Protein chains: 2
Amino acid sequence: DDHPVTAVALDTHITKIGLVGVPDRPGVAALACERLAAAGINIDLVFQALSHENQRADIALTVADRDRDRAVAVCRDTLRELEGRDLVVDGDVAKVSAVGAGVRNHVGVAATMFRALADAGINIQMISTSEIKVSCIVARADASRALNQVHDAFGLDSVN
Amino acid sequence: DDHPVTAVALDTHITKIGLVGVPDRPGVAALACERLAAAGINIDLVFQALSHENQRADIALTVADRDRDRAVAVCRDTLRELEGRDLVVDGDVAKVSAVGAGVRNHVGVAATMFRALADAGINIQMISTSEIKVSCIVARADASRALNQVHDAFGLDSVN
Ligand SMILES: C[C@@H](O)[C@H](N)C(=O)O
Ligand SMILES: C[C@@H](O)[C@H](N)C(=O)O
């Protein structure tokens, strides 16, 4: 299959919220997400990679820009309750995603996407993947270049 | 829709590899994934959450157990080339995923999944999400309990 990726999507209306240095024990991710759900806030993506060596971890998430203020307030309260270390908030982000049935078993799809961004000098802030999608969080200012670079890298027709 | 999640999946044949403290600059994620692709290794999932304060970041990934030795060798070389801080490898992990069309806009799906795991005392090691799936990496020993707890939490028929 010479087109493992069949679409590239861009969402610029998201805000990144990071709960830094929360305890790495059962119930922490649940509490954070429950508090947001209770406030009626839909979580776009959730990111957690490696734990720190001090039994702490970072949980990052993205929400719609329109939910930013309420989500930040909820997360700040949650962080305090968990005795987490810090809250980071960045509205200047965008999500670029490569979508296709070939993502799951086509070796090199992530590499192709990441290389397209790298060649354009675009830094990848967060990564989330599934069997049909690779999503990267980049700076808002890089959004349209990111979309075009990834689009070209997968041999798709011009977006414009 | 009272069944936002329609299936729960489990994969116990995966190994977690973490590239700890790699430079947070364009080209790093690309290099790591290109080296794995060049070795013919398919990446299952890629995880990157928040950067560290010293312009470093962690990139974690999962590969099939059968690819572990080669993947670790490739990642070790890549880490050295990037002057990253550490490589972590853990084969004692499993991926439990909640899948369904309701994940994307049904507030609280992530909360429900994470709470199911928490109530069973299961620690979440890594999180990756998409609009139709929430995946958690847990300890291999927790795998079948994780599957059952999440299954029950979403009101699905028994797996057994
Ligand atoms: C950090 C967070 O994911 C924690 N390990 C939990 O299980 O909730
Ligand atoms: C850490 C890694 O994702 C880096 N920021 C890159 O763009 O490749």
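Just so we're on the same page: letters track the sequence lines, and every chain starts at 1. Not measured: the values here are computed from a predicted model. Keep in mind that the numbers below use all heavy atoms, side chains included, and drop hydrogens, waters and symmetry copies.
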Could you look at [X] and say if it's the side chain, the backbone, both or neither that has a heavy atom under 4.5 Å from chain A?
| X | value |
| --- | --- |
| B:Ile41 | backbone |
| B:Val88 | side chain |
| B:Ala29 | both |
| B:Ile17 | neither |
| B:Arg104 | backbone |
| B:Ser130 | both |
| B:Glu34 | both |

Could you list the residues that satisfy side-chain contact (heavy atoms from CB on, under 4.5 Å) with B:Asp58, not counting sequence neighbours?
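Applying side-chain contact (heavy atoms from CB on, under 4.5 Å) to B:Asp58 gives A:Leu50, B:Val20, B:His52.
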
Residue pair A:Asn123 / B:Asp24, side-chain donor-acceptor N/O under 3.5 Å:
yes

For the CG atom of B:Leu45 and the CD atom of A:Glu131, what is their distance to the nearest 0.5 Å?
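Here the interatomic distance stands at 6.0 Å.
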
To the nearest 0.5 Å, what is the distance between CZ on A:Arg115 and CG on B:Leu31?
6.5 Å

The criterion is side-chain hydrogen bond (donor to acceptor under 3.5 Å, both in side chains); which residues satisfy it with B:Thr129, sequence neighbours excluded?
none

Side chain, backbone, both or neither: which part of A:Ser128 has an atom under 4.5 Å from a heavy atom of chain B?
both

Counting distance only, does the side-chain N/O of A:Asn105 pair as donor-acceptor with the main-chain N or O of B:Asn42 below 3.5 Å?
no

Between A:Gln48 and B:Ala49 (side chain of the first, backbone of the second, donor and acceptor by atom type, cut-off under 3.5 Å), is there such a pair?
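Side chain of A:Gln48 to backbone of B:Ala49, a donor-acceptor pair under 3.5 Å: no, none is there.
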
